[in-house]
Amino acid sequence: MNNFAIYPGSFDPITCGHMDVIERAGRIFDKIYLAIFINLKKVPFFSINERITLMKSIFKMNPKVHVTQFSGLVVDFSKQMEVSTIIRGLRAVSDFDYEFQLALTNRKLRKQLDTVFFMTDQKYSYLSSSLVREVACLGGDIGEFVPFVVEEAIRRKLNNE
Ligand code: ADP
């Protein structure tokens with residue numbers, strides 16, 4: 001069995017909280033598929049292609065991280081990639097109920113699928129992509145919340161460049 005894992009999420013945009021989880025996971029797994037979920041029900045801030053470009057540029061020096069996209073069930077994507085571990089992040093107890101339900105549902109759908117949770121550094125425990133989008137749209141400084149390339153991309157998008 002390989003020692004690979006899938007980290008699924010919206011990553012709209014990727015934040016320092018996600019980066020912290022990826023760094024921790026990288027000490028344990030040989031390969032991490034960052035899997036951007038294509039959610040047709042939501043209008044995203046960054047398109048799928050924009051997110052892929054951003055994330056590929058962030059991880060270009062990290063051979064363990066592979067940026068991918070998927071639609072449908074993460075269970076089906078995990079079968080397709082022949083991976084049986086899912087990575088998720090936990091910020092606070094408030095994340096737990098939903099993540100617990102999701103992990104058990106996924107395991108019900110594919111019994112060899114396990115979810116591994118990483119607790120983020122405390123300093124990112126309040127951080128979410130939606131908070132970043134909101135602060136940025138209202139003109140606040142997001143420099144401490146996201147990698148520099150993301151900060152620049154948000155600035156360009158908000159200025160319609
Ligand atoms: P989703 O829409 O699937 O929740 P997100 O991109 O918001 O997608 O989050 C993906 C995963 O990363 C989730 O498990 C979420 O709890 C986790 N996550 C998001 N922000 C942080 C953070 N600041 N610290 C740790 N984990 C986080």
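Both ligands and their constituent atoms are indexed starting at 1 by order of listing. These numbers come from a predicted model, not from an experiment.
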[X] side chain to [Y] main-chain N or O, any donor-acceptor pair under 3.5 Å?
X: Ser10; Y: Asp12; result: no
X: Arg110; Y: Val75; result: no
X: Asp20; Y: Asp121; result: yes
X: Arg88; Y: Tyr7; result: no
X: Thr120; Y: Ser125; result: no

Less than 3.5 Å between some nitrogen or oxygen of [X] and one of ligand 1, yes or no?
X: Ser10; result: yes
X: Tyr7; result: yes
X: Leu127; result: yes

- prompt: If you measure from atom 22 (C) of ligand 1 to every heavy atom of Glu99, Arg24, Arg91, which option wins on shortest distance?
  reply: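 Going through Glu99, Arg24, Arg91 one by one, Arg91 has the nearest heavy atom to atom 22 (C) of ligand 1.
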
Looking at [X], which atoms of ligand 1 are within less than 4.0 Å of one of its heavy atoms?
X: His18; answer: 5 (P), 6 (O), 9 (O), 10 (C), 12 (O), 18 (N), 19 (C), 20 (N)
X: Val21; answer: 25 (C), 26 (N)
X: Phe11; answer: 6 (O)
X: Thr120; answer: 24 (N), 25 (C)
X: Tyr124; answer: 22 (C), 23 (N)

- prompt: How far is atom 16 (O) of ligand 1 from its nearest protein heavy atom, and which residue and atom name does that atom have?
  reply: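 For atom 16 (O) of ligand 1, the nearest protein heavy atom comes out as Gly89 O, 2.9 Å.
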
task: Identify, for atom 3 (O) of ligand 1, the protein heavy atom at the shortest distance, and state residue, atom and that distance.
output: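 Looking only at protein heavy atoms, the one closest to atom 3 (O) of ligand 1 is Arg88 NH1, 3.2 Å.
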
- request: Indicate, with yes or no, if the rings of Phe4 and Phe29 have centres closer together than 6.0 Å.
  value: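 Distance test on ring centres: not under 6.0 Å, no.
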
Salt bridge (charged side-chain N to carboxylate O under 4.0 Å, His left out) between Glu161 and Arg155, worked out: CA-CA 9 Å; Glu161 281 172 29; Arg155 190 188 52 74; 3.5 Å; yes

message: Atom CZ of residue position Phe100 - does it have more than 12 heavy atoms of other residues, nucleotides or ligands inside 6.0 Å?
response: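 No, because the 6.0 Å sphere around CZ of Phe100 holds 12 heavy atoms or fewer from other groups.
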
